[in-house]
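To start, the structure under review is shown below, and the notes come after it.
Keep in mind that this is a model prediction, so the values were computed, not measured. Reminder, nothing fancy here: chain letters follow the sequence lines and each chain counts from 1.
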There are 2 protein chains.
Amino acid sequence: MADTSGVPEPTLDEQIAAYQREFRDLDPQVEKIVSALGRLNRRMNVAYGRQTANLGISSADWEVLKALVLSGAPYRMGPSDLAKRLGLTPAAMTHRIDRMVAEGLVTRERDESNRVRVIVELTPEGRGKWLEAMRMATVFEGELLQDLSPEERTALGEVLTRLLRRVEHAQPDAGGRLSDLD
Amino acid sequence: MADTSGVPEPTLDEQIAAYQREFRDLDPQVEKIVSALGRLNRRMNVAYGRQTANLGISSADWEVLKALVLSGAPYRMGPSDLAKRLGLTPAAMTHRIDRMVAEGLVTRERDESNRVRVIVELTPEGRGKWLEAMRMATVFEGELLQDLSPEERTALGEVLTRLLRRVEHAQPDAGGRLSDLD
DNA sequence: TATGTACTCTTTAGCTTCTAAGTCTTCAGA
DNA sequence: TCTGAAGACTTAGAAGCTAAAGAGTACATA
């Protein structure tokens with residue numbers, strides 16, 4: 001285990017001040033938003049990781065469980081669809097499914113109507129783990145947002161989805177400029 | 001390279017609707033905020049990763065460059081401080097520095113005043129890469145936020161730092177409940 | 001001065017997880 | 001029936017990590 005003590009991350013404001021010293025053309029307000037977003041997400045992922053670890057599942061497991069649950073009952077997908085969905089090669093997906101079968105989270109069997117295909121199906125235990133993880137996550141999320149008024153929640157949701165739309169319909173090229181893809 | 005075509009991620013609203021079907025106790029507004037945060041961050045990280053890849057540096061390199069720049073001139077740190085800062089073991093740090101020395105991004109030399117220690121120092125080339133990456137990142141960030149009014153930017157920055165403060169001073173325990181650490 | 005101890009970094013061995021490339025099986029169409 | 005395409009698995013190997021052992025240096029203390 002890596003030792004994290006002794007050399008603390010600078011606070012958000014310290015970091016922005018340092019950036020301004022090292023890089024002239026910096027809008028501190030933009031940087032504050034972007035850095036806070038990044039940090040907030042990092043902390044939240046640490047929290048989620050701890051919670052799923054307490055359930056004995058890795059974040060790799062979690063991704064697969066999520067994809068299967070989102071596919072809806074009867075919670076079945078083929079390995080290659082899962083691989084595409086998660087951005088893995090089929091080989092990596094094979095290994096990941098091996099592990100999850102051993103852990104009892106999913107089953108793997110041939111599709112009898114087309115024996116080239118394989119069906120990965122969520123077990124009741126896998127679904128239970130997903131439900132438990134969701135339960136813990138929603139408690140955490142509720143407490144995280146508890147100080148926000150209803151108006152603030154509405155406004156925050158609206159602004160974030162606006163930013164998300166913008167980043168989903170555009171990606172930066174080599175020069176760092178947003179360019180429409182469609 | 002993994003194939004991502006053909007099995008698209010559900011839209012944010014589709015995903016939340018699916019969550020509600022599978023998990024009763026879900027506040028859709030909370031979930032929308034949290035999911036948008038996660039997606040936004042993921043897309044941004046993809047964008048940053050593309051930009052730094054265009055400069056020929058990995059995200060591992062980027063973390064080290066950032067830590068050294070933030071330490072301020074003369075941009076020097078010891079391997080163990082870097083390791084603690086980045087959450088790596090000293091062994092992993094040794095390997096990472098090996099690579100970066102080979103890439104010309106940093107130098108490594110003994111501290112002559114205390115020959116137990118080693119000094120990792122940013123090269124002008126390493127600093128140039130950091131500056132170039134920052135230039136691209138700020139252009140991207142500016143365009144990302146360009147539709148937000150000054151009031152919206154202020155409000156967003158304020159809300160995000162509030163959430164960040166909350167998550168930094170509390171971490172969930174096994175039950176998913178936020179509990180103060182200090 | 002000598003020596004034990006602590007500190008810092010590196011080396012070694014091994015693990016995990018990924019990719020690329022090749023193989024096997026099955027199905028569809030000429 | 002033959003052939004090609006598609007899906008999943010196997011194998012080989014790369015990358016990056018950890019833990020633990022090792023080597024070199026500094027320092028306190030007898």
Side-chain angles (χ1 to χ4, degrees), chain A residues 1-7 45-46 49 52-53 56-65 67-68 71 76-103 105-121, chain B residues 1-7 45-46 49 52-53 56-65 67-68 71 76-103 105-121:
Chain A
M1 196 55 179
D3 180 10
T4 318
S5 66
V7 184
N45 286 338
V46 169
T52 52
I57 62 180
S58 67
S59 57
D61 293 342
W62 172 248
E63 285 183 327
V64 176
L65 294 182
L68 285 168
S71 76
R76 295 177 170 187
M77 289 179 78
S80 60
D81 282 350
L82 275 170
K84 286 171 187 163
R85 182 68 188 67
L86 302 183
L88 297 174
T89 58
M93 202 65 235
T94 295
H95 296 319
R96 198 176 277 199
I97 293 166
D98 287 346
R99 290 193 295 274
M100 293 183 70
V101 168
E103 291 164 350
L105 300 173
V106 299
T107 58
R108 167 165 44 191
E109 55 184 35
R110 290 232 162 256
D111 181 346
E112 288 305 327
S113 72
N114 180 346
R115 295 183 46 76
V116 173
R117 294 177 186 277
V118 167
I119 297 176
V120 177
E121 180 172 329
Chain B
M1 195 53 180
D3 180 9
T4 318
S5 66
V7 184
N45 286 337
V46 169
T52 51
I57 62 180
S58 68
S59 58
D61 293 341
W62 172 248
E63 285 183 329
V64 177
L65 294 182
L68 285 168
S71 77
R76 295 178 170 185
M77 290 179 79
S80 59
D81 283 349
L82 274 171
K84 285 171 189 164
R85 183 68 189 67
L86 302 183
L88 297 175
T89 58
M93 201 66 235
T94 294
H95 296 318
R96 199 176 274 200
I97 293 167
D98 286 347
R99 291 193 295 274
M100 293 183 70
V101 168
E103 292 165 349
L105 299 173
V106 299
T107 58
R108 168 164 44 192
E109 56 185 35
R110 291 232 161 258
D111 180 346
E112 288 306 326
S113 72
N114 180 346
R115 295 182 48 77
V116 173
R117 295 176 185 278
V118 167
I119 298 175
V120 177
E121 180 172 331

[X] has an atom [atom1]; how far is it from atom [atom2] of [N], in whole Å?
X      : N      : atom1 : atom2 : value
A:D81  : D:dA6  : CG    : P     : 14 Å
B:L86  : D:dG16 : CG    : C1'   : 14 Å
A:R110 : D:dG7  : CZ    : P     : 13 Å
B:E109 : C:dT8  : CD    : P     : 18 Å
A:L88  : C:dT17 : CG    : C1'   : 10 Å
A:R117 : C:dC24 : CZ    : C1'   : 17 Å
A:H95  : C:dA21 : NE2   : C1'   : 13 Å
B:I119 : C:dT10 : CD1   : P     : 13 Å

Phosphate OP1/OP2 of [N] contacted by [X] side-chain N/O (<4.0 Å):
X      : N      : result
B:T89  : D:dC17 : no
A:R96  : C:dC18 : yes
A:R99  : C:dT17 : yes
A:R115 : C:dT25 : no
B:S80  : C:dC9  : yes

Taking side-chain contact (heavy atoms from CB on, under 4.5 Å) as the criterion, tell me which of B:M93, B:M100, B:H95 meets it with B:I97.
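Only match with B:I97 under side-chain contact (heavy atoms from CB on, under 4.5 Å): B:M93.
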
Looking only at heavy atoms, which two atoms of B:I57 and B:D61 are closest? And how far apart?
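Shortest heavy-atom contact: CA-OD2, 3.8 Å.
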
From [options], nucleotide with atom closest to [X] side chain:
X      : options               : answer
A:V116 : C:dC18, C:dT26, C:dC9 : C:dT26
A:T94  : D:dA20, D:dC9, C:dA20 : D:dC9
B:P79  : C:dC9, C:dT19, D:dC9  : C:dC9
B:R108 : C:dT10, D:dG7, D:dT18 : C:dT10

Pairwise 5' ranking along DNA chain C for A:P90 and A:E112, keeping only the more 5' one
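The residue mapped nearer the 5' terminus is A:P90.
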
Steps toward side-chain contact (heavy atoms from CB on, under 4.5 Å) verdict (B:D81, B:R117):
CA-CA 11 Å; B:D81 283 349; B:R117 295 176 185 278; 5.9 Å; no

Rounded at 0.5 Å granularity, tell me how far OG in B:S71 sits from CZ in B:R85.
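Spacing of OG (B:S71) from CZ (B:R85) equals 10.0 Å.
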
Between CD1 on residue A:I119 and CZ on residue A:R110, distance to nearest 0.5 Å
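These two atoms lie 10.5 Å from each other.
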
